[in-house]
Q: 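Structure in structure tokens, see below.
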Amino acid sequence: MFLFLSLVVTVFILTFAFFIGCYNERYWKKRGVLFDKGNNNIIGPYWEFLTSNRALFEIFGDMYRKYRNEPAVGFSTLFAPSLFIIDPKNVQYVLQGPMFIDRGVDYHKEDYLADNLLFMSGDRWKLMRQKMTPLFTPNKLKNMYNVIDKRTQDFVQFLHKNPEKQKRNTLDTLATFCCNAIGDAVFGVRYASKFVSPFLDISRKAFASSWWGDIRFTLSSVSPTIFKAFKISFFKEFERFFIGAMKQVFRQREKEGSKRHDFSDICLSLQRSGVMKHEETGFQMQPTDELMAAQAFFFFTAGVDPTAAGVFGAMIEIGRHTEIQKRLQEEIDEAFYNNNGELTYDAVIGLEYLDKVLTESLRIFPPIGFSTRRCTETTYLPVGNIKVDKGTKLYTPVYSYHHDPEYFEQPHVFDPERFSDDRKQNLGVLYQPFGFGTRICIGMRYAKLQVKSLLAHILHNFNLKSVIGSGGIKFGKDQIQLRIKNVDVEYIPRKLRR
Ligand code: HEM
């Protein structure tokens, strides 16, 4: 009896899945859009993601190459047809369009830390984005710079005193620095605090690949409705510690009454002003500790994971291009020399060659491989006149554009001069390590400042040597990120400095 029942259920599920796949395929065909069956007609590229060791951006990369000249290609994500947009005009339309402001992530009400700026939708996102934007004004960044600079100097001392850290696990060590720097500059949390080390662990785990993490991510992507209905949480395990820690930070700041004009000060000032209200939409939200902690949670995570990846990518390229490294060190040494052995905010901003090197390394290794949006109002894409229904999830390339030979000649060659004044072109969506349009990374300027300051101090003190394992650079199996594997960078103390 049991065997018979199992057989009936299996046949039912398979037949149902078959019809879902056919429905999704017909759905796109009716709109004149090619459909990618890949090796699964039910959850499209997510099947390969779950069953292979490849990062999702690499799987989208295959689709990009296969349909390179199409305006977009459809695929199946369970009950909802999804669209991978390829033509840059269509991508620009999506990333800038008011009918695509949602990222397309759903979460249930009690998953408090998921209620952050990255995941929020609609009016909720608009209001929070408006309230958080003042955190990264040029003046605030200038204030934060002094703290970043101090933490960077600590990091260099740490490397000098711990020669074993100069030889391996570079990315891990960089993450420790990033955690301290953002903790102090943005939240006013110091290195010695108990708060830091568990947080470093959290920021590593929050978006890391694991069997359950990948299934959860897949389910949230292919069926946000089921995900929400079953009350599956993204970040429940971190909630107790993180919200508790942020509450402590807020209460301590209230007691001290200090004015650092950082994230914690902004949160307290929002709480003092009562209900938050968006001027145009009239949408309201209460700035509770939980809501503020959720914003802090993602800022912290972003300040550690993609930021460390951004520095690491640059170090790999610098460490395998001696001439570029030498030229960079000359520029950096000169800046230190002209500022009495220090590196001021203006000096970092003035490091033009470093800027080009970082811009190019973020092209080669963008820490995030693709973007997503959800359509909130039925519309037509300009190229191909493709009808996009409300609720459709859209995917747009990042890594694939950066490595397309039509847009970047010899894309695998590391050439910072691509971004020199005489060769620079207006790349628009073709270059977007920090995303593009309405939901572009809010921490971009902060991240660039922190990365440049760190690279400048490192290169003033050390030579870099990249050690690449056999088989070349590889990428880890990851959800949206690009995690560089099979390579490390050694720090070799410099003897002679000006
Ligand atoms: C090198 C480091 C970083 C990289 C490469 C990076 C990249 C990105 C990308 C690609 C997005 C998605 C943009 C889009 O969909 O168009 C994003 C969003 C975001 N990033 Fe970053 N990021 C970095 C550092 C940071 C830092 C340091 C913070 C905060 C302190 C931050 C906060 C955010 C937030 C809040 C969002 C969501 C914005 C929204 O949806 O409105 N990021 N980032």
Side-chain angles (χ1 to χ4, degrees), residues 57 85 91-92 94-97 100-105 113-122 124-136 140-141 144 148 171 174-175 177-179 181-187 203 206-207 262-263 266 294-315 358-359 361-374 393-399 401-402 428-429 431-455 479-484:
F57 86 87
I85 321 253
V91 170
Q92 178 158 344
V94 167
L95 297 182
Q96 284 185 325
F100 296 101
I101 61 163
D102 288 4
R103 199 171 287 287
V105 182
L113 294 179
D115 196 14
N116 63 55
L117 197 55
L118 182 79
F119 285 6
M120 281 178 170
S121 296
R124 203 171 175 77
W125 168 77
K126 276 189 197 159
L127 175 57
M128 190 49 83
R129 178 97 191 188
Q130 193 182 62
K131 297 296 172 193
M132 289 295 138
T133 299
L135 180 56
F136 299 108
K140 293 252 170 60
L141 285 179
M144 289 176 191
I148 298 176
L171 182 60
L174 288 171
F177 158 77
C178 291
C179 187
I182 192 153
D184 197 354
V186 179
F187 303 95
S203 63
F207 289 91
D262 60 3
F263 175 84
I266 287 193
Q295 310 322 307
F297 176 74
F298 184 68
F299 284 0
F300 238 123
T301 314
V304 177
D305 197 61
T307 310
V311 187
F312 187 48
M315 286 172 65
L358 179 62
T359 310
S361 66
L362 287 172
R363 180 189 68 79
I364 300 239
F365 299 122
I368 309 292
F370 63 92
S371 295
T372 63
R373 295 292 188 270
R374 181 168 49 207
K393 186 134 173 210
L394 302 111
Y395 295 73
T396 62
V398 174
Y399 183 88
Y401 276 164
H402 289 196
V429 293
Y431 178 77
Q432 42 159 321
F434 293 96
F436 191 85
T438 43
R439 296 199 71 151
I440 191 169
C441 174
I442 201 172
M444 174 173 72
R445 282 187 293 188
Y446 171 86
K448 277 170 122 177
L449 189 64
Q450 182 174 307
V451 171
K452 279 190 199 171
S453 158
L454 180 59
L455 286 172
Q479 300 167 359
I480 54 166
Q481 313 93 310
L482 223 97
R483 270 181 229 266
I484 310 165

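Note that these values count all heavy atoms, side chains included, but never hydrogens, waters or copies made by symmetry. FYI, the numbering just counts along the sequence from 1. Start at 1 and go down the list; that is how both ligands and their atoms are numbered.
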Q: Quick one: look at R373 and ligand 1, take heavy-atom pairs under 4.0 Å, and tell me if it's side chain, backbone, both or neither.
A: side chain

Q: May I ask you to decide if F297's main-chain N or O and T301's side chain share a donor-acceptor pair within less than 3.5 Å?
A: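 Checking the backbone N and O of F297 against the side chain of T301, a donor-acceptor pair under 3.5 Å is found.
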
Q: Closest non-hydrogen protein atom to atom 17 (C) of ligand 1, residue and atom name please, with distance?
A: C441 CB, 3.5 Å

Q: Is there a polar contact, in the sense of an N or O pair closer than 3.5 Å, between R439 and ligand 1?
A: yes

Q: For atom 38 (C) of ligand 1, what's the nearest protein heavy atom and its distance?
A: R129 NH1, 3.3 Å

Q: For ligand 1, is there an N or O atom under 3.5 Å from any N or O atom of Y446?
A: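 Between Y446 and ligand 1 (N or O atoms, distance only) the closest approach is not under 3.5 Å.
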
Q: Check if Q450 has a non-hydrogen atom at a distance under 4.0 Å from any atom of ligand 1.
A: no

Q: May I ask you to check if ligand 1 and T438 share an N or O to N or O distance below 3.5 Å?
A: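 No, T438 has no N/O under 3.5 Å of an N/O on ligand 1.
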
Q: Apply side-chain contact (heavy atoms from CB on, under 4.5 Å) to V398 and F57, showing your working.
A: CA-CA 9 Å; V398 174; F57 86 87; over 6 Å; no

Q: So between G369, A302, A185, whose heavy atom ends up nearest atom 26 (C) of ligand 1?
A: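 Comparing heavy atoms across G369, A302, A185, the nearest one to atom 26 (C) of ligand 1 lies in A302.
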
Q: Within the structure, is a non-hydrogen atom of I182 found at a distance of less than 4.0 Å from ligand 1?
A: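 Contact present.
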
Q: With no hydrogens and no angle check, is any side-chain donor or acceptor of R373 less than 3.5 Å from a backbone partner on L394?
A: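 No; zero donor-acceptor contacts below 3.5 Å.
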
Q: With a 4.0 Å cut-off, would you call K393 and D102 a salt bridge?
A: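 No.
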
Q: Any idea which protein heavy atom is nearest atom 6 (C) of ligand 1, and the distance to it?
A: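 Answer, as residue, atom name and distance: F434 CD2, 3.6 Å.
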
Q: Check for me whether V186 has a heavy atom closer than 4.0 Å to any atom of ligand 1.
A: no

Q: Between the candidates A309, P433, P366, P306, which shows the shortest non-hydrogen contact distance to atom 7 (C) of ligand 1?
A: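 Shortest heavy-atom distance from atom 7 (C) of ligand 1: P433.
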
Q: Measuring from the heavy atoms of W125, does anything fall under 4.0 Å of ligand 1?
A: yes

Q: For atom 35 (C) of ligand 1, which of T133, I442, V311 has the closest heavy atom?
A: I442

Q: Using the six-membered ring wherever Trp is involved, compare the ring planes of Y431 and H402 and label them parallel, tilted or perpendicular (cut-offs 30° and 60°).
A: parallel

Q: Could you tell me whether F436 approaches ligand 1 through its side chain, its backbone, both or neither, with non-hydrogen atoms closer than 4.0 Å?
A: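 Under 4.0 Å from ligand 1, F436 contributes backbone atoms alone.
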
Q: Touching ligand 1 at all, G310? Heavy atoms, strictly under 4.0 Å?
A: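 No, G310 has no heavy atoms under 4.0 Å from ligand 1.
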
